[in-house]
Amino acid sequence: MRWLGFDWGTHHYFASDYFEQLYHYAEELIEKDKAYICTLSPEAFKEYRGVPTRSGKESPHRNRPTQESLDLFRRMRAGEFADGAYVLRAKIDMSSPNLHMRDPVLYRIKRAHHHRTGDAWCIYPTYDFAHGLSDAIEGITHSICTLEFEVHRPLYDWILDNVSAPCHPQQIEFARLNLTYTVMSKRRLLQLVRDKQVDGWDDPRMPTICGMRRRGYTPAAIRAFCETIGVTKYDSTTEVALLEHCVREDLNKRALRRMAVLDPLKVVITNFPDTSAVEVDAINNPEDPEAGTRKLAFTKEIYIERDDFAEEPPPKFFRLAPGKSVRLRYAGFITCERVEHDPDTGHVAALHCRWDPPDTKVKVKATIHWVSCAHAREVEVRRYDRLFTVPEPTEDKEADFTAHLNPESLTCLKGYAEPALLDAQPGEWFQFERTGYFCADSKDSRSGAPVFNQTVALKDVRAKKG
RNA sequence: UGCCGGAUGGUGUAACGGUAGCACAGCAGACUCUGAAUCUGUUUGUCUAGGUUCGAAUCCUAGUCCGGCAACCA
């Protein structure tokens, strides 16, 4: 939360800090004849509760004398009974159309070790009992929660109305955030983690804060996204495209530009001396003049992106092809004179190109990125695609959502990067020109050996139009 | 089929009862040493039927569709 940019000062609260107070509110309810101890078995309990269309019936223990309930409750706390043997229930209305008002459980015996209170308690309050009272103890005015708690609100209010709470906060429910091509429920995300479909909660493909952070999403981008989608009671599903837009928008302003070739194709420049390297100036960030420039070495042998060349270019292919020219970013032009094939596979092995300096009058429609072979550094690059292949993986309630997992959501590869990239600090953002935004992984990067996560790809009309 | 909630372009979100706007996505174009960014234009919408009103996304009535609720989970 702090990383996201929020500061809650000293207001860090735990319901467990109020266990003693909550216990006394429970005794107060018993003393007011508003709660009783019940020993119905879970099966009987369910039977007595009834169903939405049919009224429930009262527990035989409902009219247990106040003193007896009080005594039993104290003995529950003292640890005299086995787990689950007794529960404290509110005395409300077994015929209520709202199931949550049919004498809900307030306390149960559970010998569970608590991460803050240790073994001090063997009885614990239920969520419904602890929620409103904790809010009241903290003196908050509005308690924001998600839609599924709407039917709990009458109980929230009932509890606050029936004990001497310091104030009566208001619970207001809003829709949770849903995104296309992923799942957002903790239960489902946990399943992905447990089944090792992802590499932990902070896997960069996870829609968790730690996952998005590791992926390279910025706090400013996430905040901008949240402001754009707003807060309503409508159970909506936002397109990830909007999130990605917010991420690009922020990264475009702050990410330093670098060149890296992820799928290399060697180019030999025929009219270039064997030994010399020419230094060229490259702009670090055209959106931010303050970011300055850097020097890049240009040599006889370079790598370009394999898909920036087409032996048989389709219509509207603006890049390199036999006999055609392109501009090399910051380094003049090349014209493809010969294509060298691998004698075994027949695949393109290398290109032989003529070079013309930047001031040459050459009409080209494209500029491509490159890296000098002699200066290229190998780096690990992890590219991510959507975690699921369908917009709404849980749409079909019968089927298992994991059936829609995208087998190609992670692609690891070795790329050739310009030397400056070796100094990338974990968490530092870059734009690999013409490819996307990347972030040095905070877990797996080593000094001098960064691992890059693709945060989000650059928009690409080529991809859409083929 | 009981209770609670919701419905505005493809998506998300605005609009004291008074011109249905914004963003994303899409499409078309301009510009460009990133097919990025930027800029311009543009397609598409008030769930339905009645009613109140000079005027309804907004108020009323009825309906339709969608979501949630039957843990001693949160």
Side-chain angles (χ1 to χ4, degrees), chain A residues 15 38 40-42 45-47 49-56 83-89 95-102 104-110 123-131 145-154 173-180 186-187 224-225 227-246 248-249 251-253 257 259 280 282-283 285-287 308 316-319 326-333 358 362 364-369 391 431-437 457-465:
Chain A
C38 183
L40 246 29
S41 69
F45 185 96
K46 199 174 170 185
E47 172 61 30
R49 184 178 43 223
V51 291
T53 50
R54 197 186 71 230
S55 175
D83 283 12
Y86 294 79
V87 293
L88 177 69
R89 299 177 70 176
S95 63
S96 171
N98 181 343
L99 282 304
H100 298 277
M101 298 298 272
R102 318 243 263 226
V105 169
L106 268 24
Y107 264 91
R108 70 283 213 203
I109 304 171
K110 196 176 240 176
I123 58 171
Y124 290 99
T126 54
Y127 165 83
D128 283 314
F129 187 67
H131 184 204
C145 63
T146 43
L147 250 28
E148 65 268 30
F149 292 101
E150 275 170 335
V151 285
H152 293 242
R153 190 170 358 111
E173 311 83 14
F174 293 102
R176 67 191 301 155
L177 168 57
N178 296 300
L179 275 179
T180 54
K186 278 180 282 184
R187 200 202 92 222
F225 170 69
E227 272 170 40
T228 305
I229 61 176
V231 179
T232 66
K233 301 192 77 146
Y234 178 62
D235 186 19
S236 60
T237 302
T238 303
E239 292 177 342
V240 269
L242 181 56
L243 211 207
E244 291 171 346
H245 162 79
C246 293
R248 287 191 194 102
E249 190 175 49
L251 254 19
N252 179 46
K253 288 181 292 187
R257 271 55 170 175
M259 289 207 281
V280 300
I283 297 165
N285 185 353
E287 304 289 325
D308 280 337
K316 295 219 171 175
F317 185 85
F318 301 153
R319 292 157 285 157
V326 273
R327 179 186 282 113
L328 293 177
R329 184 79 158 147
Y330 304 119
F333 304 87
V362 184
V364 293
K365 292 194 81 168
T367 298
I368 63 171
H369 60 281
Q431 183 197 97
F432 290 1
E433 292 215 34
R434 302 207 313 126
T435 304
Y437 294 99
L458 245 34
K459 278 211 281 186
D460 184 3
V461 303
R462 292 172 289 160
K464 279 168 193 147
K465 293 180 177 172

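Below, read A as the first sequence line, B as the second, and so on, with proteins coming before strands; counting in each chain starts at 1. All values derive from a computational prediction rather than experimental measurement.
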Presence of [X] side-chain N/O under 4.0 Å of [N] phosphate oxygens OP1/OP2:
X      : N     : result
A:H369 : B:U34 : no
A:R49  : B:C72 : yes
A:T53  : B:U1  : no
A:S236 : B:U13 : yes
A:K459 : B:A37 : yes

Want to know the stems of RNA chain B: at least 3 consecutive Watson-Crick or G-U pairs with distances under 3.5 Å, which are they?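 Stems found: B:2-7 with B:64-69, B:10-13 with B:21-24, B:26-30 with B:38-42, B:47-51 with B:59-63.
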
Flag side-chain contact, heavy atom, 4.5 Å: A:I368 against A:L328: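 Yes - at least one pair of side-chain heavy atoms lies under 4.5 Å apart.
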
Might you list the N or O atoms of the protein lying below 3.5 Å from N or O atoms in nucleotides 4-6 of chain B, with each pair's distance?
from : atom 1 : to     : atom 2 : distance (Å)
B:G5 : O2'    : A:E150 : OE2    : 3.1

Taking all heavy atoms of A:H152 and all of A:E148, pick out the closest pair and write down the distance.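 Distance-wise, the nearest heavy atoms are CD2-O, 3.8 Å.
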
For [X], report the nucleic acid contact type (base, sugar-phosphate, nothing); a contact means any heavy atom under 4.0 Å.
X      : answer
A:P104 : nothing
A:T435 : nothing
A:Q431 : base
A:L251 : nothing

For A:F129, ring-ring contact (aromatic ring centres under 6.0 Å, His included) partners two or more places apart: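 With sequence neighbours excluded, A:F129 shows a ring-ring contact (aromatic ring centres under 6.0 Å, His included) to A:Y107, given in chain and number order.
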
Does A:F318 have any ring-ring contact (aromatic ring centres under 6.0 Å, His included) partners at least two apart in sequence or in another chain, and if so, which?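 Testing A:F318 for ring-ring contact (aromatic ring centres under 6.0 Å, His included), a comparison that skips the adjacent residues, returns none.
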
Going by the rule side chain to side chain contact (heavy atoms under 4.5 Å, CB included), which residues pair with A:N98 if we only count those two or more places apart in sequence or in a different chain?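 Partners of A:N98 by the side chain to side chain contact (heavy atoms under 4.5 Å, CB included) criterion, ordered by chain and then number, come out as A:S96, A:H100, A:M101, A:V151, A:P154.
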
Could you tell me which residues satisfy salt bridge (Lys or Arg N to Asp or Glu O under 4.0 Å) with A:R434, sequence neighbours excluded, listed by chain and number?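 Result, salt bridge (Lys or Arg N to Asp or Glu O under 4.0 Å) vs A:R434: A:D308.
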
Side chain [X] and base [N] donor-acceptor under 3.5 Å:
X      : N     : answer
A:R434 : B:G35 : no
A:H152 : B:A74 : yes
A:E148 : B:G67 : no

Could you classify B:A28 for me, syn or anti, using a glycosidic angle within 90° of 0 as syn?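 This nucleotide is in anti.
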
Side chain of A:V51 only, heavy atoms from C-beta on: which candidate in B:A70, B:C33, B:A23 is closest?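 In terms of side-chain proximity for A:V51, the closest of B:A70, B:C33, B:A23 is B:A70.
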
Please evaluate residues A:Q431 and A:L458 with respect to the criterion side-chain contact (heavy atoms from CB on, under 4.5 Å), reporting the C-alpha separation (whole Å), side-chain torsions for both, the decisive distance (0.1 Å), and the verdict. CA-CA 9 Å; A:Q431 183 197 97; A:L458 245 34; 3.8 Å; yes

Please work out which of the three classes, parallel, tilted or perpendicular, describes the rings of A:F149 and A:Y127, given edges at 30° and 60°.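 The arrangement is tilted - the two ring planes meet at 30° to 60°.
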
